[in-house]
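Everything on this sheet refers to the single structure shown next.
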Amino acid sequence: MDVLSSRVLIHPRDHDVSTAFYRDALGLAIEREFPGGTRFFAGGGSIEVVGSGEEGPGPDVNLFLQVRDLPATLAELAGRGVEPVREARREPWGTDEAWIADPDGLRIVLVEVPEDHPLRRDKR
């Protein structure tokens with residue numbers, strides 16, 4: 001399989017509320033807008049808020065977003081009214097993680113790879 005690009009599609013219960021959350025609360029840049037949807041830049045992939053859903057996310061699905069500085073990211077989000085549903089902590093596998101949730105309850109895991117972690121490639 002030769003993957004050319006990737007994106008996560010989110011079908012929210014309230015399209016306008018979720019679009020505002022990803023745009024304004026998380027501060028993600030808009031990659032593209034089209035009738036019925038908005039695609040946001042998310043590192044090497046995209047998050048697309050499109051259409052509408054009825055059931056919402058299940059507990060077994062998480063959106064992982066790796067950030068450069070977790071404490072600074074949490075402070076920035078708190079300034080926009082986004083509070084963690086689980087505070088930051090070091091996981092047994094060595095990454096620092098905190099959880100937030102989108103308006104439909106989709107768990108968004110914010111991950112920082114510490115400088116001394118073997119997964120760390122970007123030394124900034």
Side-chain angles (χ1 to χ4, degrees):
M1 178 169 71
D2 188 14
V3 178
L4 301 178
S5 68
S6 65
R7 66 184 183 262
V8 173
L9 301 179
I10 296 173
H11 301 281
R13 291 185 190 132
D14 185 319
H15 185 267
D16 292 338
V17 168
S18 289
T19 298
F21 174 80
Y22 286 93
R23 181 191 61 227
D24 303 331
L26 294 189
L28 298 181
I30 294 173
E31 181 178 345
R32 181 173 167 246
E33 293 179 290
F34 51 92
T38 303
R39 185 181 303 166
F40 297 93
F41 287 104
S46 300
I47 298 170
E48 193 168 296
V49 178
V50 62
S52 62
E54 296 178 15
E55 295 184 30
D60 296 332
V61 176
N62 302 305
L63 176 60
F64 270 60
L65 299 177
Q66 184 177 341
V67 299
R68 191 173 308 283
D69 183 331
L70 185 57
T73 298
L74 290 171
E76 176 184 347
L77 293 175
R80 295 184 189 138
V82 179
E83 295 297 327
V85 295
R86 196 197 79 180
E87 295 294 331
R89 67 178 178 216
R90 174 82 33 106
E91 297 294 347
W93 43 89
T95 58
D96 297 330
E97 299 181 7
W99 299 351
I100 61 173
D102 82 353
D104 287 326
L106 174 63
R107 182 184 304 149
I108 301 171
V109 181
L110 303 175
V111 181
E112 179 182 346
V113 178
E115 288 184 32
D116 60 346
H117 195 283
L119 289 176
R120 183 72 170 232
R121 294 194 175 124
D122 185 340
K123 300 300 180 186
R124 287 181 279 168

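Hydrogens, waters and symmetry mates play no part in the numbers below; they use all other heavy atoms, side chains included.
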For the hydrophobic clusters of this structure (ILVMFWY residues joined by side-chain heavy atoms under 4.5 Å, transitively), does one cluster hold both [X] and [Y]?
X	Y	result
Val61	Phe40	yes
Trp99	Leu70	no
Leu110	Val113	no
Leu63	Val67	yes

Side-chain cluster (under 4.5 Å, hydrophobic types only) that Val3 belongs to, other residues: Met1
What's the spacing between [X] [atom1] and [Y] [atom2] if we round to 0.5 Å?
X	Y	atom1	atom2	answer
Tyr22	Leu28	OH	CG	8.5 Å
Leu77	Ile108	CG	CD1	9.0 Å
Asp104	Ser18	CG	OG	4.5 Å

Qualifying side-chain hydrogen bond (donor to acceptor under 3.5 Å, both in side chains) pairs with a residue from residues 23-33, counting only residues at least two apart or across chains: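 Sorted pair list: Glu31-Ser46.
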Donor-acceptor pairs under 3.5 Å, side chain of residues 78-90 to any protein atom, not counting sequence neighbours: which ones?
{"unit_1": "Arg80", "atom_1": "NH1", "unit_2": "Ala25", "atom_2": "O", "d": "3.2"}
{"unit_1": "Arg80", "atom_1": "NH1", "unit_2": "Leu26", "atom_2": "O", "d": "3.2"}
{"unit_1": "Arg80", "atom_1": "NH1", "unit_2": "Glu76", "atom_2": "OE2", "d": "3.2"}
{"unit_1": "Arg80", "atom_1": "NH2", "unit_2": "Glu76", "atom_2": "OE2", "d": "2.8"}
{"unit_1": "Arg86", "atom_1": "NH1", "unit_2": "Glu91", "atom_2": "OE2", "d": "3.1"}
{"unit_1": "Arg86", "atom_1": "NH2", "unit_2": "Glu91", "atom_2": "OE2", "d": "2.6"}
{"unit_1": "Arg86", "atom_1": "NH2", "unit_2": "Glu97", "atom_2": "O", "d": "3.2"}
{"unit_1": "Arg90", "atom_1": "NE", "unit_2": "Asp96", "atom_2": "OD1", "d": "2.4"}
{"unit_1": "Arg90", "atom_1": "NH2", "unit_2": "Asp96", "atom_2": "OD1", "d": "3.2"}
{"unit_1": "Arg90", "atom_1": "NH2", "unit_2": "Asp96", "atom_2": "OD2", "d": "3.1"}

Considering all heavy atoms, the nearest Phe21-Ala101 contact: CZ-O, 3.5 Å
Shortest non-hydrogen contact between Phe41 and Ile30, atoms and distance: CE1-O, 3.6 Å
Result block: side-chain N/O donor-acceptor pairs under 3.5 angstrom for residues 5-17, not counting sequence neighbours:
{"unit_1": "Arg7", "atom_1": "NE", "unit_2": "Glu48", "atom_2": "OE1", "d": "3.0"}
{"unit_1": "His11", "atom_1": "ND1", "unit_2": "Val50", "atom_2": "O", "d": "3.1"}
{"unit_1": "Arg13", "atom_1": "NH2", "unit_2": "Glu55", "atom_2": "O", "d": "2.7"}
{"unit_1": "Asp14", "atom_1": "OD1", "unit_2": "Asp16", "atom_2": "N", "d": "3.2"}
{"unit_1": "Asp14", "atom_1": "OD1", "unit_2": "Val17", "atom_2": "N", "d": "3.1"}
{"unit_1": "His15", "atom_1": "NE2", "unit_2": "Gly36", "atom_2": "O", "d": "3.4"}
{"unit_1": "His15", "atom_1": "NE2", "unit_2": "Val49", "atom_2": "O", "d": "3.4"}

Results of side chain to side chain contact (heavy atoms under 4.5 Å, CB included) for Asn62 - residues two or more places apart only: Phe64, Arg107, Val109
side-chain contact (heavy atoms from CB on, under 4.5 Å), paired with Ile47, selected from Thr38, Asp102, Leu65: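 Among Thr38, Asp102, Leu65, the one that satisfies the side-chain contact (heavy atoms from CB on, under 4.5 Å) with Ile47 is Leu65.
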